[in-house]
Participant: 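Sending over a structure as structure tokens; questions will come in a sec.
We count ligands from 1, going down the list as the structure has it; atoms in each ligand are counted the same way. Quick caveat, the model's predicted, so the values are computed rather than measured. Heavy-atom basis, side chains included; hydrogens, waters and symmetry copies ignored.
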Amino acid sequence: MQLYYHPYGCSLAPAIAAAEAGIDLDLVYVDIVGEPHRLADGTLYAEINARNYVPLLGLDDGTEVSEVGIILRYLADLNPATGLAPAPGTPERRELEQCLTFLGTELHKTYSPWLFHPEVGELAQDYARKRVAARYAIVEKQLGGRAWLLGEQFSVADAYLFVMVNWAAAAKTPLADFPNIRAWFERMKARPQVRAAIKLHSASPAAVAA
Ligand SMILES: N[C@@H](CCC(=O)N[C@@H](CS)C(=O)NCC(=O)O)C(=O)O
């Protein structure tokens, strides 16, 4: 399986999920900062993925899986024994689905693109930061007395949240008011598979090609 990625991108979430599920991925670097977006060999990314954003998961049968929340569930369901996603049809699965949609629509898409494009202006960025803080307040409560977002069981929702919390310093969205999130972030960084995924996902195009 191939994961189209960028080191600063939300593709880190599937990289973490795959590492936790014991699934090997071939990483394909996409320059999502340059226009038009290209692979390291110069191929136009839009020719591979009409959405023109990462992540994209290329399967061995030639089909593709897109959208972070869907890719995460796909990877988790490949190896259900890991517990990265509760079984379909259970209340726990419903909580995961709710959490993934919340993270995608309320948190991820408030950071990206708004907080990474200063050209949108201070007003828009200040507004986005206020919304991020309001959404973190919800996550803060959810993490109260819990090790992970769903409770005692680590899940792919934690992999997704990690992306945004990892962006917090660069995007200037303070975590000072959110001790549960800060403690959770430290727990995440201590997980060997999270560390391995971060290392793999931060590779430059040259390192990937080597
Ligand atoms: N809805 C998409 C959003 C993905 C997304 O926002 N990707 C960003 C990186 S975090 C990207 O590739 N941006 C480049 C662009 O939009 O041109 C998903 O869930 O996968």
Participant: Quick test: of every protein heavy atom, which one is nearest to atom 5 (C) of ligand 1, and how far off is it to 0.1 Å?
Facilitator: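 The answer is V54 O, 3.5 Å.
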Participant: Compute the shortest N/O to N/O distance between Y160 and ligand 1 and return yes if it is under 3.5 Å, no if not.
Facilitator: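 There is no such contact.
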Participant: Check each atom of ligand 1 against the heavy atoms of I32 and keep those under 4.0 Å away; list them by number with element.
Facilitator: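 Once the distances to I32 are compared, the set is 9 (C), 11 (C), 12 (O), 14 (C).
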Participant: The criterion is ring-ring contact (aromatic ring centres under 6.0 Å, His included); which residues satisfy it with H37, sequence neighbours excluded?
Facilitator: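 In terms of ring-ring contact (aromatic ring centres under 6.0 Å, His included), with neighbours along the sequence ignored, H37 is linked to no residue.
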Participant: Going from OG1 on T110 to CZ on R129, what distance comes out if it is rounded to the nearest 0.5 angstrom?
Facilitator: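 Here the interatomic distance stands at 12.5 Å.
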Participant: Any N or O of V68 that comes nearer than 3.5 Å to an N or O of ligand 1?
Facilitator: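 Checking ligand 1 against V68, an N or O pair does fall under 3.5 Å apart.
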Participant: Identify the closest protein heavy atom to atom 6 (O) of ligand 1: which residue and atom is it, and at what distance?
Facilitator: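 Answer for atom 6 (O) of ligand 1: K109 NZ, 2.7 Å.
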Participant: I'd like to know if I198 and W184 are part of one continuous hydrophobic network [Ile/Leu/Val/Met/Phe/Trp/Tyr, side-chain heavy atoms within less than 4.5 Å].
Facilitator: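 Same hydrophobic cluster.
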Participant: Tell me: protein heavy atom nearest atom 11 (C) of ligand 1, and distance?
Facilitator: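 Here the closest protein heavy atom is Y53 CB, 3.5 Å.
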Participant: Filter on side-chain hydrogen bond (donor to acceptor under 3.5 Å, both in side chains), then keep only pairs touching residues 160-177, sequence neighbours left out; what's left?
Facilitator: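 Qualifying pairs: H108-Y160, Y111-T173.
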Participant: Under a 4.0 Å heavy-atom limit, does H6 contact ligand 1 with its side chain, its backbone, both, or neither?
Facilitator: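 Neither part.
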Participant: Rounded to the nearest 0.5 Å, what separates atom CG in L200 from atom CD in Q193?
Facilitator: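 Those atoms lie 11.0 Å apart.
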Participant: For W167 and ligand 1, does the shortest N/O to N/O distance drop below 3.5 Å?
Facilitator: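 So ligand 1 has no N or O lying under 3.5 Å from an N or O of W167.
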Participant: Could you tell me the residue and atom name of the protein heavy atom closest to atom 10 (S) of ligand 1, and the distance to it rounded to 0.1 Å?
Facilitator: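 Atom 10 (S) of ligand 1 sits closest to the protein heavy atom C10 SG, 2.9 Å.
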Participant: If the threshold is 4.0 Å, N to carboxylate O, is there a salt bridge linking R182 and E186?
Facilitator: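 Judged by the 4.0 Å cut-off on N to carboxylate O distance, R182 and E186 do not form a salt bridge.
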Participant: Quick one: which ligand 1 atoms are inside 4.0 Å of a heavy atom on P55?
Facilitator: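 Numbered from 1, ligand 1 contributes 20 (O).
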Participant: Which is it for R51 and ligand 1 at heavy atoms under 4.0 Å: side chain, backbone, both or neither?
Facilitator: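 R51 to ligand 1: no contact under 4.0 Å from either part.
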Participant: Please lay out, stage by stage, how I23 and M1 fare under the test side chain to side chain contact (heavy atoms under 4.5 Å, CB included).
Facilitator: CA-CA 9 Å; I23 296 166; M1 264 182 280; 3.6 Å; yes
Participant: Please state which protein non-hydrogen atom is closest to atom 17 (O) of ligand 1 and give its distance, to 0.1 Å?
Facilitator: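 So the nearest neighbour among protein heavy atoms is H37 NE2, 2.6 Å.
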Participant: Between F162 and F185, does a ring-ring contact (aromatic ring centres under 6.0 Å, His included) hold up when you go through it step by step?
Facilitator: CA-CA 7 Å; F162 187 82; F185 192 47; 5.1 Å; yes
Participant: Counting only heavy atoms, which portion of S112 has something under 4.0 Å from ligand 1: side chain, backbone, both, or neither?
Facilitator: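 Side chain only.
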Participant: Give a yes or no on whether a salt bridge exists between R146 and D158, defined as a side-chain N under 4.0 angstrom from a carboxylate O.
Facilitator: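 No, this pair does not count.
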Participant: Identify the closest protein heavy atom to atom 18 (C) of ligand 1: which residue and atom is it, and at what distance?
Facilitator: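 For atom 18 (C) of ligand 1, the nearest protein heavy atom comes out as E67 OE1, 3.1 Å.
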